[in-house]
Amino acid sequence: MMYVGDSLNRGQYVSMVCLLHSLIPHHAKSMETFGSLTVFTAKDYNATIEFYWAPFLLESNSDDAVIHRITDRVVRKGSINKHGKHWEGVDIIVFNTYLWWMTGSDFKILHGSFDDEVKDIVQVPTEDAYRMAMKSMVKWVEKNMDPERTRVFFTSMSPSHFKGIEWGGKPNENCYNQTKPIEDPNYWGSDSSKSIMRVTRDVLKFPVTFLNITQLSLYRKDAHTSIYKKQWNPLTPQQLANPNTYADCTHWCLPGLQDTWNHLLFVKLFYP
Ligand SMILES: *[C@@H]1O[C@H](CO)[C@@H](O)[C@H](O)[C@H]1NC(C)=O
Ligand SMILES: *[C@@H]1O[C@H](CO)[C@@H](O)[C@H](O)[C@H]1NC(C)=O
Ligand SMILES: *[C@@H]1O[C@H](CO)[C@@H](O)[C@H](O)[C@H]1NC(C)=O
């Protein structure tokens, strides 16, 4: 089984490993990382659960598994096999891709190669760039996954909670110090693009199973890692005085919400 995508999909992967590993004795499991690939092995079951870093699914300038804090993002058209060759042979694959596309209304697409001296880069509406990637993914699935004996999932967008004003909070409020979910059943946040969700729905077809986790996660402003995450740089006194300036309102605590995503996956896998 392999999860392919960005750090949110990595979170779901880690959730799955945590759900399983307590049932497996120490000598019968291992976890190793090889560049973009992390592999959890359940030895007695001859099974692996893996995560492969590809935040756009296609080749991009953000593909380094460690150094990928790039704001000027470029994705190469027609490049799914660059990563796809590392997914061949899996029985269950779980894709996601969303957040990395959200840098503005347009997105840069490379025609040709990243090695070209003069790069042919065109700027297109983000929805068009995203649709191109989704279609590539579906084509890869049709070519490489046998619907008789494999399963393919796509996890919908994971919402962020940076804009407290959208749920009736103060202007500078975000997920920091939130201890209750949003109660409005119709709540939707502007960080979750409905037009991208529409593209996803339009492009996905059998045999890809859509894991629709967006609405149920939108309520959970209380479930993010917030200030309780590893800090890569020491915090400044100014930050420490205002914890909402460094709260992570994108990723999720574990155990937590993403276990629910995997419960949903479990149901769709075994009771299709
Ligand atoms: C373990 O899985 C591999 C890859 O699917 C397969 O080639 C091998 O025969 C399996 N071994 C056992 C003991 O089932
Ligand atoms: C956290 O929220 C509670 C309840 O809304 C409030 O009383 C408290 O002052 C907040 N704490 C911080 C550190 O902002
Ligand atoms: C996703 O699920 C929500 C309910 O949680 C539903 O309202 C919405 O229509 C679904 N969206 C899609 C695209 O299926």
Side-chain angles (χ1 to χ4, degrees), residues 2-14 32-39 48 50-90 93-145 152-158 160 191 193 195-197 199-200 202-204 208 232-233 248 250-251:
M2 186 186 271
Y3 292 78
V4 175
D6 63 22
S7 58
L8 288 152
N9 216 19
R10 190 205 307 271
Q12 194 180 346
Y13 164 72
V14 172
E32 291 168 287
T33 294
F34 316 90
S36 294
L37 189 69
T38 301
V39 181
T48 63
E50 314 188 8
F51 170 74
Y52 184 94
W53 171 259
F56 295 100
L57 307 182
L58 303 188
E59 182 182 9
S60 76
N61 62 350
S62 310
D63 287 345
D64 189 289
V66 183
I67 308 152
H68 49 235
R69 301 200 167 188
I70 290 160
T71 46
D72 187 23
R73 298 172 188 165
V74 180
V75 167
R76 181 162 80 93
K77 191 176 160 101
S79 61
I80 191 101
N81 288 325
K82 166 91 184 190
H83 297 308
K85 62 176 188 269
H86 301 284
W87 317 332
E88 283 169 17
V90 305
I93 194 160
V94 185
F95 292 107
N96 92 326
T97 185
Y98 170 62
L99 204 54
W100 284 69
W101 299 91
M102 293 296 111
T103 50
S105 56
D106 284 347
F107 202 89
K108 286 181 180 163
I109 299 297
L110 170 73
H111 295 253
S113 153
F114 275 105
D115 297 330
D116 291 347
E117 219 152 284
V118 182
K119 290 190 184 48
D120 178 8
I121 293 176
V122 292
Q123 208 147 326
V124 300
T126 303
E127 283 77 9
D128 293 351
Y130 189 81
R131 183 177 297 106
M132 181 272 294
M134 294 297 286
K135 284 187 169 168
S136 292
M137 180 198 78
V138 169
K139 251 192 215 153
W140 185 91
V141 165
E142 286 171 347
K143 187 151 179 270
N144 294 281
M145 302 293 287
V152 183
F153 295 90
F154 185 88
T155 309
S156 66
M157 2 180 232
S158 172
S160 303
D191 292 334
S193 162
S195 55
I196 290 284
M197 189 90 158
V199 172
T200 311
D202 290 349
V203 174
L204 288 191
V208 184
W232 298 95
N233 301 307
D248 179 338
T250 298
H251 300 97

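One distance of note links CG of Leu37 with CE of Met2; it measures 5.0 Å at 0.5 Å rounding. Atom-to-atom distance recorded for Ser136:OG and Leu58:CG is 5.0 Å, nearest 0.5 angstrom. Note that CD of Glu32 and OG1 of Thr48 are 11.0 Å apart. Values are rounded to the nearest 0.5 Å. One distance of note links OG of Ser79 with CD1 of Ile109; it measures 9.0 Å at 0.5 Å rounding. For the atom pair Glu127 CD and Thr200 OG1, the distance stands at 10.0 Å (nearest 0.5 Å). In this structure, the separation between CZ on Phe154 and CE on Met137 is 5.5 Å, given to the nearest 0.5 Å.
Side-chain atoms of Arg73 come within 3.5 Å of backbone N or O of Trp100 as a donor-acceptor pair. With hydrogens and angles ignored, the 3.5 Å screen pairs a side-chain donor or acceptor of Asp64 with a backbone N or O of Val66. Remark: side-chain polar atoms of Asn61 are paired, donor with acceptor, to backbone N or O of Asp72 under 3.5 angstrom. Asn9 places no side-chain N or O within donor-acceptor distance of the main-chain N or O of Asp6, the cut-off being under 3.5 Å. A donor-acceptor pair under 3.5 Å is formed between the side chain of Lys119 and the backbone N or O of Phe114. A donor-acceptor pair under 3.5 Å links the side-chain atoms of Thr126 to the main chain of Ser105, judged by distance alone.
Residues forming a salt bridge (charged side-chain N to carboxylate O under 4.0 Å, His left out) with Asp128 (at least two apart in sequence, or on another chain): Arg131. In terms of the side chain to side chain donor-acceptor pair (under 3.5 Å) criterion, residue partners of Thr33 (sequence neighbours excluded) are, by chain and number, Thr38. Phe107 pairs by the ring pair (Phe, Tyr, Trp, His ring centres under 6.0 Å) definition with Phe56, Trp101, not counting sequence neighbours. Take Asn233 and apply the side chain to side chain donor-acceptor pair (under 3.5 Å) test, not counting sequence neighbours, and it matches no residue. His86 is linked by a ring pair (Phe, Tyr, Trp, His ring centres under 6.0 Å) to Tyr52, counting only residues two or more places apart in sequence or in another chain. Under the salt bridge (charged side-chain N to carboxylate O under 4.0 Å, His left out) criterion, Arg76 pairs with Glu59, not counting sequence neighbours.
Looking at every heavy atom in both residues, Ala65 comes nearest to Gly35 through CB-O, 3.5 Å. Minimum heavy-atom separation, Asp63 to His83: OD2-NE2, 2.9 Å. The two atoms that bring His111 and Asp116 nearest to each other are O-OD2, 4.4 Å, heavy atoms only. Taking both residues in full, the closest heavy atoms of Arg10 and Phe51 are given as N-CE1, 3.4 Å, listed atom of the first, atom of the second, then distance. Listed here is the closest heavy atom pair of Tyr98 and Ser193: OH-N, 2.9 Å. Contact record, Asn96 with Gly5: OD1-CA, 3.2 Å, taken as the closest heavy-atom pair.
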Could you please spell out the steps behind the side chain to side chain contact (heavy atoms under 4.5 Å, CB included) verdict for Lys135 and Met132? CA-CA 5 Å; Lys135 284 187 169 168; Met132 181 272 294; over 6 Å; no

Evaluate the side chain to side chain contact (heavy atoms under 4.5 Å, CB included) criterion for residues Trp87 and Ile80: first the C-alpha distance (whole Å), next the side-chain angles of each, then the deciding distance (0.1 Å), finally the verdict. CA-CA 11 Å; Trp87 317 332; Ile80 191 101; 4.1 Å; yes

Between Phe95 and Val208, does a side chain to side chain contact (heavy atoms under 4.5 Å, CB included) hold up when you go through it step by step? CA-CA 10 Å; Phe95 292 107; Val208 184; 5.8 Å; no

Under the side chain to side chain contact (heavy atoms under 4.5 Å, CB included) rule, what do Met145 and Ile93 come out as? Steps first, then yes or no, please. CA-CA 9 Å; Met145 302 293 287; Ile93 194 160; 3.8 Å; yes

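Proximity of Leu57 to Trp140: side-chain heavy atoms (C-beta onward) are nowhere separated by under 4.5 Å. Contact annotation: the side chain of Lys108 never approaches that of Val122 to less than 4.5 Å [non-hydrogen atoms, C-beta and beyond].
Of the residues Thr97, Thr155, Thr250, the one that meets the side chain to side chain contact (heavy atoms under 4.5 Å, CB included) test with Leu8 is Thr250.
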